Amino acid sequence: MRNHLLALTQGDPAGVGPELSLMAWLLRRQQSLPAFAYLGSATGLQAVADRLGLPVPLRNAGWDEAEAIFDEALPVIEIAGARPATPGKPDPANAAGVIAAIEAGVAAVNDGWAAALVTNPIAKSVLYAAGFSHPGHTEFLAELAGRGGKTVPQPVMMIWSEGLAVVPVTIHVPLAAVPALLTTELIVATGRIVAADLARRFGITRPRLALSGLNPHAGEGGALGHEDDAVVAPAVAELRALGIEASGPYPADTMFHERARAGYDVALAMYHDQALIPIKTIAFDEGVNVTLGLPFIRTSPDHGTAFDIAGKGIARPDSLCAALKLAGRMAEAERKQRK
């Protein structure tokens with residue numbers, strides 16, 4: 001039987017991840033949070049708690065006991081290489097612990113000790129300085145999922161909130177590169193992954209996907225660009241032929257008001273800002289980064305390390321609490337699917 005416990009990685013220990021983890025534990029009852037174990041350095045986490053005056057009892061624990069002690073203390077799974085850090089002072093010497101915590105979290109989920117992985121923010125620049133070879137956090141998780149001769153999955157980023165969920169089909173690329181990267185095949189592959197995970201892990205029997213156009217007014221019949229007719233519309237048709245309830249392409253400027261949002265479960269946008277501007281406007285503090293397409297559940301707060309405010313006690317735990325709650329909901333939906 002898979003554990004209900006969530007594995008929460010430390011993220012960059014010089015960022016806000018450790019203090020947000022402490023705050024989340026203090027809010028566990030008020031927010032009805034699922035049990036989670038912190039993967040990192042107990043010494044480092046205690047130093048943050050002392051610095052900020054956060055009355056959180058910590059207890060080093062093994063996976064087999066962590067869930068049972070969560071209500072009375074925050075269980076810490078000690079990670080080799082994890083070390084105390086100075087808030088706001090990123091250091092490549094912390095990279096080994098950051099990476100080891102992620103690896104340990106994935107292993108815990110794969111081995112059945114944890115039901116889902118929740119990751120605190122990392123700083124890629126810090127990891128790059130230590131020789132990290134992956135483009136980012138998500139790509140590293142996909143590589144971990146493919147170890148042992150398994151196929152490396154295509155990860156899909158979804159930013160979720162109670163009022164809106166969005167998926168950018170192309171993500172961290174220059175805007176000028178988007179038209180060449182955007183293909184019917186990529187859109188269809190992304191849509192299939194989104195539909196499958198919404199059904200499996202969100203309990204939505206027939207997910208409704210709304211696809212935006214690339215160009216203003218979805219190309220306006222070719223007057224403002226041909227990609228919408230030549231690339232996006234065929235992808236919608238192919239998804240529908242696969243039995244997926246997809247529609248569009250729609251003009252992006254009319255997709256995100258309240259009445260429009262009632263007509264779909266997730267919006268697939270063609271590039272990064274087209275997707276993230278509306279959700280960060282609607283749910284800046286409550287958005288959750290969800291990685292779809294992995295063989296395990298992964299959520300994360302939709303913000304970065306915030307080195308500029310780390311250690312000051314002013315960071316808000318809203319997004320981390322939302323990420324923990326959503327991971328618990330997704331794990332429960334997946335358990336029901338397996339029954």
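Everything numeric in this text was worked out from a predicted model, so none of it was measured. Note: hydrogens, waters and symmetry copies are ignored here, and every other heavy atom, side chains too, is used.
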Are [X] and [Y] in one and the same hydrophobic cluster, where Ile, Leu, Val, Met, Phe, Trp and Tyr link if side-chain heavy atoms are under 4.5 Å apart?
X: Leu209; Y: Leu186; value: yes
X: Ile193; Y: Leu198; value: yes
X: Ile171; Y: Leu181; value: no
X: Ile204; Y: Leu164; value: no
X: Val266; Y: Val288; value: yes

Please answer whether the main-chain N or O of [Y] pairs with a side-chain N or O of [X] as donor and acceptor at a distance below 3.5 Å.
X: Glu65; Y: Gly62; value: yes
X: Asp12; Y: Thr305; value: no
X: Thr86; Y: Lys89; value: no
X: Ser319; Y: Gly287; value: yes
X: Gln274; Y: Gly213; value: yes
X: Arg59; Y: Val76; value: no
X: Thr184; Y: Val231; value: yes

Measure across [X] and [Y] and return the closest heavy-atom pair with its distance rounded to 0.1 Å.
X: Phe256; Y: Ala267; result: CE2-CB, 3.8 Å
X: Ala246; Y: Leu211; result: CB-CD1, 4.3 Å
X: Pro92; Y: Ala130; result: O-CB, 3.9 Å
X: Asp229; Y: Gly222; result: OD2-N, 3.8 Å
X: Pro155; Y: Pro153; result: CD-O, 3.2 Å
X: Gly328; Y: Arg335; result: O-NH2, 4.5 Å

Flag side-chain contact, heavy atom, 4.5 Å: [X] against [Y]:
X: Val290; Y: Ile159; value: no
X: Pro121; Y: His303; value: yes
X: Val167; Y: Met157; value: no
X: Ile77; Y: Tyr38; value: no
X: Thr299; Y: Leu117; value: no
X: Pro90; Y: Phe307; value: yes
X: Leu54; Y: Leu26; value: yes
X: Thr43; Y: Arg83; value: no

Would you call the rings of [X] and [Y] parallel, tilted or perpendicular if under 30° counts as parallel and over 60° as perpendicular?
X: Trp160; Y: Phe202; result: tilted
X: His172; Y: His272; result: tilted
X: Phe132; Y: Phe140; result: perpendicular

Check the pair Val188 / Leu242 against side chain to side chain contact (heavy atoms under 4.5 Å, CB included), numbers first and verdict last.
CA-CA 10 Å; Val188 170; Leu242 292 168; 4.2 Å; yes

Evaluate Asp265 against Arg206 for salt bridge (Lys or Arg N to Asp or Glu O under 4.0 Å), listing each step before the verdict.
CA-CA 9 Å; Asp265 298 302; Arg206 281 189 60 82; over 6 Å; no

Are Val232 and Met270 close enough, and set up right, to give a side chain to side chain contact (heavy atoms under 4.5 Å, CB included), and what steps lead you there?
CA-CA 9 Å; Val232 185; Met270 297 304 111; 4.1 Å; yes

To the nearest 0.5 Å, what is the distance between [atom1] on [X] and [atom2] on [Y]?
X: Leu320; Y: Leu22; atom1: CG; atom2: CG; value: 10.5 Å
X: Met255; Y: Leu268; atom1: CE; atom2: CG; value: 8.0 Å
X: Thr9; Y: Ile122; atom1: OG1; atom2: CD1; value: 8.5 Å
X: Tyr264; Y: Tyr250; atom1: OH; atom2: OH; value: 10.0 Å
X: Asp302; Y: Asp285; atom1: CG; atom2: CG; value: 10.0 Å
X: Leu6; Y: Phe70; atom1: CG; atom2: CZ; value: 8.5 Å

Between [X] and [Y], does any side-chain donor sit less than 3.5 Å from a side-chain acceptor?
X: Asp228; Y: Asn215; value: yes
X: Ser41; Y: Gln10; value: no
X: Glu78; Y: Asn60; value: yes
X: Asn120; Y: Ser21; value: yes

Charged N to carboxylate O below 4.0 Å: is that the case for Arg329 and Glu162?
yes

Should the pair Glu286-Lys325 be classified as a salt bridge under the 4.0 Å nitrogen-to-oxygen rule?
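Here Glu286 does not pair with Lys325 in a salt bridge, since their nearest N and O are not under 4.0 Å apart.
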
Should we say atom CZ of Phe284 is surrounded by more than 12 heavy atoms from elsewhere, each under 6.0 Å from it?
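Atom CZ in Phe284 is not crowded, with 12 or fewer foreign heavy atoms closer than 6.0 Å.
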
Neighbour count above 12 (heavy atom, 6.0 Å) for Arg201 CZ
yes

Working for salt bridge (Lys or Arg N to Asp or Glu O under 4.0 Å), residues Arg208 and Glu245:
CA-CA 5 Å; Arg208 300 167 298 166; Glu245 194 169 327; 5.3 Å; no

Pair Thr138-Arg298, side chain to side chain contact (heavy atoms under 4.5 Å, CB included): steps then yes or no
CA-CA 9 Å; Thr138 301; Arg298 182 264 181 145; 3.4 Å; yes

Can you check side chain to side chain contact (heavy atoms under 4.5 Å, CB included) on Glu103 and Ile79, steps first, answer last?
CA-CA 10 Å; Glu103 292 175 328; Ile79 299 298; over 6 Å; no

